[in-house]
2 protein chains.
Amino acid sequence: MDAIDLSLVDLLRGNARLSYAELARQVGLSAPAVHERVGKLESSGVVRGYRADVAPESIGLGVTALIGIVEDSGADSDDMLESLRVLPEIESCYFMAGVESFLLKARVGTIAELEQLIVRLNRTPGVASTRTAIALSTKWENRPQPVGPPAG
Amino acid sequence: MDAIDLSLVDLLRGNARLSYAELARQVGLSAPAVHERVGKLESSGVVRGYRADVAPESIGLGVTALIGIVEDSGADSDDMLESLRVLPEIESCYFMAGVESFLLKARVGTIAELEQLIVRLNRTPGVASTRTAIALSTKWENRPQPVGPPAG
DNA sequence: CACTCTCTGTGGATGCCATCGATCTGAGCC
DNA sequence: GGCTCAGATCGATGGCATCCACAGAGAGTG
């Protein structure tokens, strides 16, 4: 992870579809060299993948909610995690410090679907209670923060 | 937005670096047809961009926190939004229903940096109080949920 | 110093891909 | 039937990904 790697990571966070040739021009190396560096970043786990950023409402996911979960005393967090993992609506899942063990970001199409999700969560073994907050609007999301030296 | 468009969106959410030729094979069209469809998805705002998914800790952002903000009565939300927007640590920002007007996801390198961020937030005009919860670990994040008919 | 090993880069070759323009096809409509 | 438009295919061409052989810088060792 030298300065060139950081530049590559930054460039790919901004636009994951840049060609290797373009990346090479930006960092001042040859295309094969960039190809090899990016391959190493991928296989070492620094770059986990490449995702299209899709407007959720345009694919029928207009409702965003954040849900905190309080565990029963004595509940097994690993079991609960597996129960959460199979719910496709849960886009992100954090294990938290504090009374609420998990914080979920869920995305559904309608409030009715959100209600169903909350009911399902409350029925999940180990869940003592849930607390749901609805996002009225997403101002921004997953904004990459610049890191390392400026590219070039 | 027909079934083929949904398949393309799904494929690109899974791997944004797929070539047009590969996408074409997957959905059963020619490469130029796919090229045009993806171009329209981009210009219509369905696809907002393509991002490399980078392990945050590998670029020195090992601390994730969720911060709720209570506004002063009479504070201007738009002004506050602009104050929040310039803070690079804030990766996501939601305008919420409830007592806390904003919910932020912030990513910093150390707890000391988090402390500085919280101090800065509390000094921001319009902020009545903040509530910070620290993520001990991220179980998963921005997992794309499958949508539309299976590709092929 | 010189030898060598390793890592990482460059340059060239080759086959695939992106992309443009021309043409074709089918649905809807008069 | 025939017009028209949207959206597909086909063919060509220039650029890109990717493989390979080889070169140069640095570290470790006699």
Side-chain angles (χ1 to χ4, degrees), chain A residues 1-61 142 144 146-152, chain B residues 1-61 142 144 146-152:
Chain A
M1 277 296 276
D2 60 6
I4 290 182
D5 282 337
L6 284 175
S7 295
L8 290 173
V9 164
D10 250 16
L11 289 165
L12 287 170
R13 287 209 299 172
N15 181 5
R17 281 182 79 82
L18 287 174
S19 67
Y20 291 116
E22 181 59 30
L23 291 170
R25 277 189 287 270
Q26 298 278 332
V27 303
L29 289 182
S30 65
V34 167
H35 188 264
E36 182 169 349
R37 275 173 177 266
V38 172
K40 286 180 181 172
L41 288 170
E42 290 169 2
S43 57
S44 69
V46 174
V47 172
R48 295 186 291 207
Y50 305 94
R51 303 257 181 78
D53 173 18
V54 174
E57 63 277 13
S58 67
I59 53 173
L61 297 173
N142 300 129
V147 75
Chain B
M1 275 297 275
D2 60 6
I4 291 182
D5 281 337
L6 283 175
S7 295
L8 290 172
V9 164
D10 249 17
L11 288 164
L12 286 170
R13 286 210 300 171
N15 181 2
R17 280 183 79 83
L18 288 175
S19 68
Y20 291 116
E22 181 58 30
L23 291 170
R25 278 189 287 271
Q26 299 276 334
V27 302
L29 289 181
S30 66
V34 167
H35 188 263
E36 183 170 346
R37 275 173 177 267
V38 172
K40 285 180 181 172
L41 288 170
E42 290 169 2
S43 57
S44 70
V46 173
V47 172
R48 294 185 292 206
Y50 304 94
R51 304 255 181 79
D53 173 21
V54 174
E57 64 275 15
S58 68
I59 52 174
L61 297 173
N142 300 129
V147 76

Exercise for the section: Give the first and the last nucleotide of DNA chain C, reading 5' to 3', that has any atom under 4.0 Å from a heavy atom of chain B. Expected result: C/dC17 to C/dC20
Practice task
Over all heavy atoms of both residues, which pair between A/Ala16 and B/Ala16 is shortest? Give the atoms and the distance, please.
Solution key: CB-CB, 4.5 Å
Exercise for the section: Could I get the full list of side-chain contact (heavy atoms from CB on, under 4.5 Å) partners for B/Asp53, not counting sequence neighbours? Expected result: A/Arg48, A/Arg51
Handout entry: Bending between helix ends of the helix from C/dC1-D/dG30 to C/dC30-D/dG1 [5 pairs per end, 10° resolution]
Key = 20°
Fill in the blank from the handout: Taken to the nearest 0.5 Å, the spacing of B/Glu36 CD from B/Leu29 CG works out to 11.0 Å
Problem - B/Tyr20: ring pair (Phe, Tyr, Trp, His ring centres under 6.0 Å) partners, not counting sequence neighbours - result: B/His35
Problem - Criterion side chain to side chain contact (heavy atoms under 4.5 Å, CB included) on A/Arg37 and A/Asp2, from CA distance to verdict - result: CA-CA 11 Å; A/Arg37 275 173 177 266; A/Asp2 60 6; 2.9 Å; yes
Exercise for the section: Answer yes or no: is there a side-chain heavy-atom contact under 4.5 Å between B/Ile59 and A/Asp10? Expected result: no
Practice task
Would you check, one step at a time, whether the test side chain to side chain contact (heavy atoms under 4.5 Å, CB included) holds for B/Val47 with B/Val38?
Solution key: CA-CA 8 Å; B/Val47 172; B/Val38 172; 5.9 Å; no
Problem - Main-chain N/O of A/Ser19 paired to B/Arg17 side chain as donor or acceptor, under 3.5 Å - result: no
Problem - B/Leu41 side chain near A/Val54 side chain, heavy-atom distance below 4.5 Å - result: no
Completion exercise
Contact string for nucleotides 8-19 of chain D, one letter per nucleotide 5' to 3', B = base within protein heavy-atom range under 4.0 Å, S = sugar-phosphate only, - = neither, reads SBB-----SSBB
Handout entry: ring-ring contact (aromatic ring centres under 6.0 Å, His included) contacts in which one or both residues fall within residues 39-61 of chain A, not counting sequence neighbours
Key = none
